[in-house]
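Worth knowing before you read on, the calculation uses all heavy atoms, side chains too, and leaves out hydrogens, waters and symmetry mates. The sequence lines fix the lettering, A, B, ..., with proteins before strands; numbering per chain opens at 1. Computed from a prediction, not measured in an experiment: that's the story for all the values here.
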Protein chains: 2
Amino acid sequence: MEQKNNLVDGAENKARPRRLGKNGDGTERHEVIYRSISDAIIEQQLRPGARLREDALTEVFNISRTGIRKILQRLALEQLVTLTPRRGASVTRPTASEARDVFAARQMVECGLMPEVARRITEQDVSELREMAKREREALKTGEQSTAIKLSAAFHERLAQLSGNATLAAFVGQLCSRSSLILAVYGSAGHLGCESHDHDDLIDYLAEGDGEKARTFMNHHLKEIEASLSIIEEEAVAPDLHQIFGMNS
Amino acid sequence: MEQKNNLVDGAENKARPRRLGKNGDGTERHEVIYRSISDAIIEQQLRPGARLREDALTEVFNISRTGIRKILQRLALEQLVTLTPRRGASVTRPTASEARDVFAARQMVECGLMPEVARRITEQDVSELREMAKREREALKTGEQSTAIKLSAAFHERLAQLSGNATLAAFVGQLCSRSSLILAVYGSAGHLGCESHDHDDLIDYLAEGDGEKARTFMNHHLKEIEASLSIIEEEAVAPDLHQIFGMNS
DNA sequence: TCAACCATCATTGTATACGCATTGTAGGAT
DNA sequence: ATCCTACAATGCGTATACAATGATGGTTGA
C-alpha cells in the first residue's frame with residue numbers, strides 16, 4: 001500500500017488547492033479509481049481479508065470519503081469487497097459454498113453461451129481472442145502471475161460478450177472477478193487458473209463454428225480449474241464462535 | 001406510497017429533535033426503504049420513466065440525501081433505476097435488446113436450475129410453493145394486478161433459491177425484477193405475466209422429482225410470457241442523438 | 001501480579017453546506 | 001412576431017463537519 005501512497009502523492013502534490021473541478025471529469029475519475037481497486041483485487045495485489053480503510057483510500061486517490069464510499073459500495077454489491085457495519089471494508093474472502101456456487105454458475109452460463117458464440121463469432125473476433133490468449137501465455141511464461149490472472153478473467157468475459165447478451169456477459173464478468181478471489185483463497189501456489197493452451201484450443205473450436213465441441217471443452221476446462229482447487233472450509237478469520245459452540249446468541 | 005409515508009412519520013415523530021438515533025436501526029431502516037422503492041417499482045406503482053427526485057424521497061422517507069443516494073445507487077446497479085449524470089434518477093425503461101437479453105438469460109438459468117431443484121425439493125418446500133401459487137391466483141382473481149406481479153416474481157425467485165445456489169438465485173431475482181419492468185413497457189394491458197395455473201403444474205412436476213419435465217415446462221412457460229410481449233424498439237425517451245446523427249462529440 | 005474498569009483513539013455512519021450544471025422563462029432586439 | 005440571450009430557479013455532485021461506536025491501552029484496586 002505504501003508504494004501507491006507515495007506514487008500518488010508524488011503525482012498529486014502539484015497544486016490542487018481544494019475542491020477540484022466538480023463534475024468535469026468526476027464520473028471518469030470515479031471509474032478510474034474503481035478500476036484501480038478492482039484490478040488490484042483481481043490481480044491479487046490485494047489479498048482476501050485485506051482491510052480497505054476509507055481514510056487511506058482517501059489520501060491515496062486524493063478524493064473525498066464520499067466518493068470512496070460510493071466506489072466501495074459498488075464493489076460490495078459485486079461481492080469483491082465485504083462491508084461490515086462498523087468495521088469498514090475488506091477484500092471479500094469467499095466461503096467454500098460461495099466458491100462452489102460461483103463455479104456451478106460459470107459452468108451453466110459459460111457453457112450454455114458457447115453455441116451462440118460459435119454462431120456469431122467473426123474473423124475479427126477470432127484474431128482478437130488469439131491476441132488475448134497470446135498475451136496471457138506470455139504473461140504466464142515470464143512469471144507475471146498477477147497479469148496472467150487478470151488476462152484470463154478478461155478472456156472469459158470477452159468470450160461471453162461475443163454472445164451478444166449484455167446481461168449474461170456482465171454476469172460472467174462478475175463471476176470471473178470472484179473466481180480470482182477464489183483462486184487466491186483455495187488455489188495451490190504453483191498452479192493458477194487456466195492451462196496455457198486451453199484457451200487456444202477453445203478458439204479453434206469456435207473458429208470452426210462447432211458450438212457443441214466448444215461447450216463440452218469449456219465444461220472440461222472449468223471442471224479442471226475447479227478440481228485444481230482445494231475448496232475446504234478453512235475457518236481462519238472470524239472463527240464463527242456461535243457455530244462452534246452451539247449456544248445460540 | 002402515502003401509507004408508507006405516514007407509517008414512517010408516525011414512528012419517527014415521537015421526539016427526535018434532529019439527527020435521529022444514528023445507527024441503532026440505520027441499516028435496517030435503509031433496507032426497509034430500499035424494499036419500499038423496489039416493491040413500488042416491481043408492482044408497477046412507479047412506471048418506467050418515472051422520475052425519482054432525491055429531495056422528494058428525502059422528505060417522504062424522512063432520511064437525508066446521503067441515505068437516499070446510497071439506496072438509489074444500489075437500485076441503479078440492479079438496473080431498476082437509471083442514474084443520468086446531471087438529471088437524477090428515474091425508473092429504468094428497458095430497451096428492446098435488454099428485454100430480449102433478460103428473457104434469454106432467464107431461459108438459460110431458470111431452466112438449467114430445474115433438475116437440481118427437483119432433486120433437492122422437500123415436502124415443506126412444495127407446500128410453501130403451493131401456498132405462494134395460491135396467493136398469486138387469488139390476487140389475479142380479485143384484480144390486484146400489482147400484487148400478482150410481485151408474487152409471480154417472488155415465486156420464480158423462491159424456486160431458484162431451492163437450487164441451493166445462492167449466486168444464481170440472486171441473479172434470477174434480479175432478472176425477475178427487471179422482467180416486471182419489461183412487462184410494464186412491452187406487455188399488453190390485459191395480459192400479465194404468468195398464466196394462473198402454470199405455476200401449479202410446475203410444482204406438480206417438481207414434486208414428482210421429474211426435473212426434465214420441469215425444465216421443458218419452464219421453457220414453454222417463459223417462451224409464452226415472452227411471446228405475449230411486443231418487444232419493439234420504441235424510441236420515446238432519450239433518443240440517443242449521438243447514435244442517430246453519426247457526428248461524434 | 002493479575003484482572004477489571006475507564007478513558008482515549010481510531011474509524012465509520014449520517015447530515016448538511018456549498019458550488020455548478022442544466023433547464024425554463026422572460027425580456028429585448030431585429 | 002419571432003428569435004436570441006440572459007437570468008433565475010431547480011436539483012445534483014462533492015466535500016466536510018459532527019456524532020457514535022468499537023477497540024486498545026493504561027491505571028487502579030484487590
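- Partners of B:Glu157 by side chain to side chain contact (heavy atoms under 4.5 Å, CB included), not counting sequence neighbours, listed by chain and number: B:Gln161.
- In the region residues 64-73 of chain A, proximity to DNA chain D at under 4.0 angstrom, judged on heavy atoms, holds for A:Ser64, A:Arg65, A:Thr66.
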Any protein N or O atoms within reach of nucleotides 5-11 of chain D? Criterion: under 3.5 Å, listing atom names and distances.
from: D:dG11; atom 1: OP1; to: B:Arg53; atom 2: NE; distance (Å): 3.4
from: D:dG11; atom 1: OP1; to: B:Arg53; atom 2: NH1; distance (Å): 3.4
from: D:dG11; atom 1: OP2; to: B:Arg53; atom 2: NH1; distance (Å): 3.4

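- Residues B:Arg120 and B:Ser163 have side chains that never bring a donor and an acceptor to within less than 3.5 angstrom of each other.
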Result block: side-chain N/O donor-acceptor pairs under 3.5 angstrom for residues 71-81 of chain A, not counting sequence neighbours:
from: A:Arg74; atom 1: NH1; to: A:Glu31; atom 2: OE1; distance (Å): 3.4
from: A:Glu78; atom 1: OE1; to: A:Tyr34; atom 2: OH; distance (Å): 2.6
from: A:Glu78; atom 1: OE2; to: A:Tyr34; atom 2: OH; distance (Å): 3.1

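- Remark: B:Arg47 engages no residue in a salt bridge (charged side-chain N to carboxylate O under 4.0 Å, His left out) (not counting sequence neighbours).
- Expressed to the nearest 0.5 Å, how far CD1 of A:Ile33 lies from CD1 of A:Ile68 amounts to 5.5 Å.
- In summary, the side chains of A:Thr92 and A:Thr82 do present a donor paired with an acceptor at a separation below 3.5 Å, with no hydrogens or angles considered.
- Contacts classified as salt bridge (charged side-chain N to carboxylate O under 4.0 Å, His left out) and involving residues 162-182 of chain A (residues at least two apart or in different chains) are not found.
- Rounded to whole Å, atom C1' of C:dT14 lies 10 Å from atom CZ of B:Arg29.
- Formation of a donor-acceptor pair under 3.5 Å by the A:Thr58 side chain with backbone atoms of A:Glu54 is found in this model.
- What separates CG of B:Leu83 from P of D:dT14 is a distance of 11 Å, to the nearest Å.
- Computed from coordinates, the B:Ile33 CD1 to C:dG13 C1' distance equals 14 Å when rounded to whole Å.
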